[in-house]
Amino acid sequence: MAKKYDTTDAADVERKLASKCSRTLLALPIAALGLLAWQMTAMAAAPVAAAASQTAENAGQATQQEAGKAEAQQPQGLPVEPVKAAETESAKTPSTPAAVEPTAKKAEPRKNIEVQLEYLDGRFFKKRDVDLYNVHVYRQYKELGALSLHYGLTFERATGSTTEDDIWRDAEAVGFGPSYMMRWTKHISGKLDGSIDGSGSLLVYNHAHPGNGRAYGFLWRIGPRLTYHYTDRDALSLAYLFHHSSNGMSSHNPGYNGIGFSLGFTHWY
């Protein structure tokens, strides 16, 4: 028997296939348009992203450069925080004269007082036999390297006599007056110093001295001295001196000379 086909079902199938094909054909252009739109959007966004990336990169480089400059301005080997702390501490501390470190003062030489006891025996003149017993008190006021300068007073007790013009005259007298001494000192060894002393005194006597002289005169002394510093503040000294006494006038000027020893004591304070 011949089979019968349902023409109605075949027509429906063809319509369905045709509908599917039309939808497929319609979807392809839509998909193509969508893909094209996506590509255009991506291409437009790429320059913006590149510009943003370049801007971020430039900002990072600028930050690194600023950090490098800041490090270069900081002292080598010193951390930042201690400097800030020091600045904060200095800001807290008032700038008063008390906060300023005092300037070191130059050390001043020590002052001293020196007492000399001496005996000077009259020599070199046969007719002028005058001996002197003196006390000198000095204070050092200046020091110029090895040279020191002293001022003070002299007390003199003169004994003896003169026989000028075969006339015996008494030479005893008491004198007093200002004195000035210059001393050149050189260290020898240990606690021992050596010096050359030169001094001059202007004396006023209780009467004319020596006989047939005047009531004033000068006493000049010069000679070597050895000084022993037995403590850091005290010293003993011994000198051998030559002296000349005269009033400096052309008349009534019976000057005389002598040599002797001087014992000194010095105290620094």
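Nothing here was measured: the structure is a model prediction, and the numbers come from that model.
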Between [X] and [Y], how do the two ring planes meet: parallel, tilted or perpendicular, split at 30° and 60°?
| X | Y | answer |
| --- | --- | --- |
| Tyr138 | His150 | perpendicular |
| Trp268 | His229 | tilted |
| His209 | Tyr205 | tilted |
| Tyr151 | Tyr141 | tilted |

Do NZ/NE/NH1/NH2 and the carboxylate oxygens of Arg139 and Glu114 come within less than 4.0 Å? no

Do Glu143 and Arg183 sit within salt-bridge range, that is, some charged N less than 4.0 Å from a carboxylate O?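 A salt bridge is absent here (no side-chain N lies under 4.0 Å from a carboxylate O).
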
Leu236 vs Phe265, side-chain contact (heavy atoms from CB on, under 4.5 Å): CA-CA, chis, key distance, verdict: CA-CA 5 Å; Leu236 289 175; Phe265 170 77; 3.9 Å; yes

Looking only at non-hydrogen atoms, find the nearest pair between [X] and [Y] and report the distance.
| X | Y | answer |
| --- | --- | --- |
| Ser237 | Thr227 | CB-OG1, 3.4 Å |
| Ala208 | Gly213 | CB-O, 3.7 Å |
| Leu192 | His187 | O-ND1, 3.5 Å |

Checking [Y] against [X]: is there a side-chain donor and acceptor pair closer than 3.5 Å?
| X | Y | value |
| --- | --- | --- |
| Ser246 | Asn253 | yes |
| Arg225 | Ser262 | yes |
| Ser161 | Trp168 | yes |
| Thr162 | Arg128 | no |

Beyond-backbone contact of [X] with [Y], side-chain heavy atoms, under 4.5 angstrom:
| X | Y | value |
| --- | --- | --- |
| Thr159 | Tyr133 | yes |
| Val174 | Glu156 | no |
| Ile188 | Lys186 | no |

Kindly compute the distance separating OG (Ser199) from CG (Leu241), expressed to the nearest 0.5 Å.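 Result: 7.5 Å between the selected atoms.
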
From Leu202 CG over to Leu219 CG, what is the distance, rounded to the nearest 0.5 angstrom? 10.5 Å

What do the steps show when you test Tyr240 against Ile259 for side-chain contact (heavy atoms from CB on, under 4.5 Å), and what is the final call? CA-CA 7 Å; Tyr240 183 74; Ile259 57 175; 3.2 Å; yes

Between Tyr256 and Phe125 (judged by ring centroids, cut-off 6.0 Å), do the two rings come close enough to count as a pair?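 Judged by ring-centre distance (under 6.0 Å), Tyr256 and Phe125 do not meet the cut-off.
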
